[in-house]
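Data block below; observations after.
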There are 2 protein chains.
Amino acid sequence: MAGKPTSFDIAELAGVSQPTVSRALRGSPSVSEATRHRVQEIARQLNYKVDKNASNLRSRHSNTLALLLFEDPTPDDSMINPFFLAMLGSITRATARRGYDLLVSFQQLSSDWHTDYEDSRKADGLILLGYGDYRDYQERHARLVEQGTHFVRWGSEEPGHPEVVVGSDNRAGGHAVTQHLIGLGRRRIGFIGEIGIGSPEFRARYDGYCDALREAGLEPAAQYPAHNAEEDGNVAARNFLEQGVGLDAIVCASDMIAIGAMRALQKAGLKVPDDVALTGFDDILAASFANPPLTTVVQDVRAAGELLVSKLHDLIHKGQSVSEVIPTRLVVRQSSGAG
Amino acid sequence: MAGKPTSFDIAELAGVSQPTVSRALRGSPSVSEATRHRVQEIARQLNYKVDKNASNLRSRHSNTLALLLFEDPTPDDSMINPFFLAMLGSITRATARRGYDLLVSFQQLSSDWHTDYEDSRKADGLILLGYGDYRDYQERHARLVEQGTHFVRWGSEEPGHPEVVVGSDNRAGGHAVTQHLIGLGRRRIGFIGEIGIGSPEFRARYDGYCDALREAGLEPAAQYPAHNAEEDGNVAARNFLEQGVGLDAIVCASDMIAIGAMRALQKAGLKVPDDVALTGFDDILAASFANPPLTTVVQDVRAAGELLVSKLHDLIHKGQSVSEVIPTRLVVRQSSGAG
DNA sequence: CTGAAAGCGCTTACAG
DNA sequence: CTGAAAGCGCTTACAG
């Protein structure tokens with residue numbers, strides 16, 4: 001027996017047929033306990049492992065999930081958004097718990113990702129993670145649905161799309177954090193973050209911000225676009241300052257944006273939170289180390305990973321599942337001026 | 001043609017044999033350009049993708065790399081070390097650049113990882129990433145070598161082991177940061193971090209710390225163990241304080257440890273850096289947001305991912321490669337009391 | 001440059 | 001409970 005042992009080698013040693021080895025190793029109930037024990041013992045001794053390519057080919061599923069991470073407009077090689085990195089960790093754990101392998105891939109929105117994984121039978125299903133420009137995404141999305149690909153997406157539900165989406169309650173989060181600032185006496189509250197069609201999650205946070213203001217009889221004071229990057233937050237805050245918009249608080253669409261905005265404000269000699277209160281969204285690790293520490297909205301990353309995987313599992317095995325919105329939670333630290 | 005198209009479907013439509021389709025799609029030079037064009041065009045129209053399970057089975061390689069992330073003694077479900085998360089991002093990018101798929105898996109040091117991937121032909125090679133307890137690792141390591149598994153490891157080279165290792169120059173990093181503190185006039189400098197056999201990287205940082213002190217005619221003032229976690233750093237610093245060890249600086253074996261130590265010092269009413277200077281290692285995102293921002297040693301994560309993947313590639317295709325040490329770089333921020 | 005044949009190592013009917 | 005046969009969809013000799 002040269003090279004790696006096969007099921008035929010085990011069969012010969014165990015004195016049974018090769019299919020019986022296959023059944024025994026998979027724990028089929030139609031194999032006698034004695035046979036199963038003998039086969040498993042021999043397999044163990046020979047360090048035999050089932051060839052996944054062969055078994056996947058025959059059984060027509062791979063027991064593998066693919067995580068496709070598609071990134072912002074600026075997919076430079078620098079840094080991945082820390083929130084997605086945390087999601088990646090959580091998803092990896094959740095797939096392992098369910099006995100799947102996980103294939104991870106960075107994607108450009110423009111590439112062929114929509115066909116590459118399930119079509120080539122590398123994966124039984126896809127997890128889509130990213131802030132995608134929705135207009136661009138929609139064509140591909142239609143293809144996925146049409147081809148019967150199993151997939152779940154992280155983000156916001158889009159009306160009229162039957163896909164399974166798991167996401168945070170961004171609107172409630174934006175509402176909670178804005179209400180918190182209002183309760184602390186802030187009145188001229190601005191917002192930093194994209195609110196266009198390409199950024200539905202930021203948009204929902206913005207909508208929650210507007211809701212809270214209107215409930216309090218206030219108006220949105222100002223809004224500046226920014227993608228989820230420190231530099232974008234920095235630039236947006238500088239714009240606020242240059243234009244002399246007098247704000248006493250800024251709700252930022254993400255922690256990275258807030259950290260960038262904080263840098264701009266402090267550089268301009270303003271005190272956070274005394275002159276301007278500042279809040280983030282995500283609760284990435286760095287948020288609690290900002291100076292002052294950032295009041296923010298926690299996204300439950302652990303639940304997110306668990307739900308994405310379990311729903312994809314249902315889609316694969318039961319043919320259906322439903323979207324779900326995960327509650328968010330306000331974390332009050334010093335940047336909002338509480339206490 | 002029900003279900004997904006196969007190479008036979010393409011062959012029939014193109015009026016050639018099925019092996020010719022296979023060759024044309026792989027860009028074999030022994031196919032006429034006309035045939036190749038015709039086949040590729042038909043494949044595109046039908047949205048045909050080569051079945052990876054079949055091609056892997058036949059060709060006996062998977063074009064997939066597996067990243068096995070094995071974690072610290074306390075593999076709770078909480079959080080993955082941010083440095084490893086950054087490495088994960090970098091490795092994912094590097095594998096994609098080389099056309100490999102990446103399988104990601106968390107491993108317990110105690111589990112069967114050493115056989116599970118290459119043996120089952122899920123991957124052509126393994127990337128091992130983690131602070132492993134070396135004693136535990138060695139048995140498995142021997143098995144990997146013995147079975148001819150292709151693998152590279154992140155970390156420190158171990159004498160007498162022929163494996164390919166990529167890692168930072170931890171000793172030089174520990175030396176540089178300690179020398180920096182000495183240059184600023186600090187004299188009683190402690191160290192927080194494990195230095196046992198199970199933590200070779202922390203140990204190397206410690207050795208560099210000792211080197212720098214001795215060169216300056218100083219002695220290591222104190223050392224406390226800590227794994228790479230905020231809480232461990234916090235506990236270690238509290239121990240220093242309780243025991244009344246008078247220190248004017250502490251070199252921490254990682255940023256997470258330093259952040260925890262900073263919390264303990266500040267809680268005790270000490271000023272960083274005025275009373276005690278503090279330094280980290282890794283340069284995770286949170287390091288620059290600590291208060292005060294953390295002087296630390298940068299590990300070149302991008303180079304790390306690139307080298308791990310290219311060396312594993314060489315191992316797979318040329319049968320050999322060599323270990324490499326990546327230079328580190330000191331980043332001076334305020335926690336060390338400079339400027 | 002192309003085709004007919006074989007075979008990678010399994011799992012799945014089917015038969016007993 | 002077990003086995004003989006077939007076949008998943010490719011790639012690889014081999015022949016021409």
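Since we're looking at a predicted model, the values are computed, not measured. In what follows, chains carry the letters A, B, and so on, assigned in the order in which the sequence lines appear, proteins first and then strands, with residues in each chain numbered from 1.
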Please state how far atom [atom1] in [X] lies from atom [atom2] in [N], giving the value in whole angstrom units.
X	N	atom1	atom2	result
B:R38	C:dT2	CZ	C1'	12 Å
A:I10	C:dC10	CD1	C1'	13 Å
A:H37	D:dC1	NE2	C1'	16 Å
B:E12	C:dA4	CD	P	13 Å
B:K4	D:dC10	NZ	P	12 Å
B:F8	D:dG9	CZ	P	9 Å

Is the shortest side-chain N/O distance from [X] to OP1 or OP2 of [N] below 4.0 Å?
X	N	value
A:S7	C:dC10	yes
B:T35	C:dT2	yes
A:Y48	C:dC10	yes
B:T20	C:dT2	no
B:R26	D:dT12	yes

Please confirm whether the backbone N or O of [Y] pairs with a side-chain atom of [X], one donor and one acceptor, at under 3.5 Å?
X	Y	answer
A:R38	A:A14	yes
B:S90	B:A86	no
B:D9	B:T6	yes

Next on the checklist: Between B:R23 and A:E33, which residue's closest nucleotide on DNA chain D lies nearer the 5′ terminus?
Outcome noted: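 Mapping each residue to its closest nucleotide by heavy atoms, the 5'-most match is A:E33.
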Candidate nucleotides [options], ranked by approach to the side chain of [X] - the nearest:
X	options	answer
B:S30	C:dT2, D:dG3, C:dC10	C:dT2
B:Q18	D:dC10, D:dA13, C:dG9	D:dC10
A:P19	C:dT12, C:dG3, D:dC10	C:dT12

Checklist entry - Cut-off 3.5 Å, side chains only: do B:E201 and B:S156 have a donor facing an acceptor? => result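 No donor-acceptor contact under 3.5 Å links the two side chains.
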Next on the checklist: Whether B:R44 and B:E41 form a salt bridge (side-chain N of Lys/Arg under 4.0 Å from carboxylate O of Asp/Glu) is what I want to check.
Outcome noted: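 Result for this pair is yes, salt bridge flagged.
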Checklist entry - Parallel under 30°, tilted from 30 to 60°, perpendicular over 60°: which one fits the rings of A:Y100 and A:H313? => result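 It falls in the perpendicular class, over 60°.
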Next on the checklist: Under 4.0 Å, heavy atom to any atom of DNA chain D: which of residues 52-65 of chain A qualify?
Outcome noted: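 Close to the strand are A:L57, A:R58, A:R60.
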Checklist entry - Checking all strands, does A:R121 fall into the base, sugar-phosphate, or nothing category for heavy-atom contacts under 4.0 angstrom? => result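 A:R121: no heavy atom of the nucleic acid under 4.0 Å.
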Checklist entry - At their closest point, which heavy atom of B:V50 faces which heavy atom of B:S55, and how far apart are they? => result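 Shortest heavy-atom contact: CG1-CB, 3.9 Å.
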Checklist entry - Mind checking who D:dT2 pairs with, Watson-Crick or G-U wobble, both distances under 3.5 Å? => result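 Checking every strand shown, D:dT2 finds its partner in C:dA15, with both distances under 3.5 Å.
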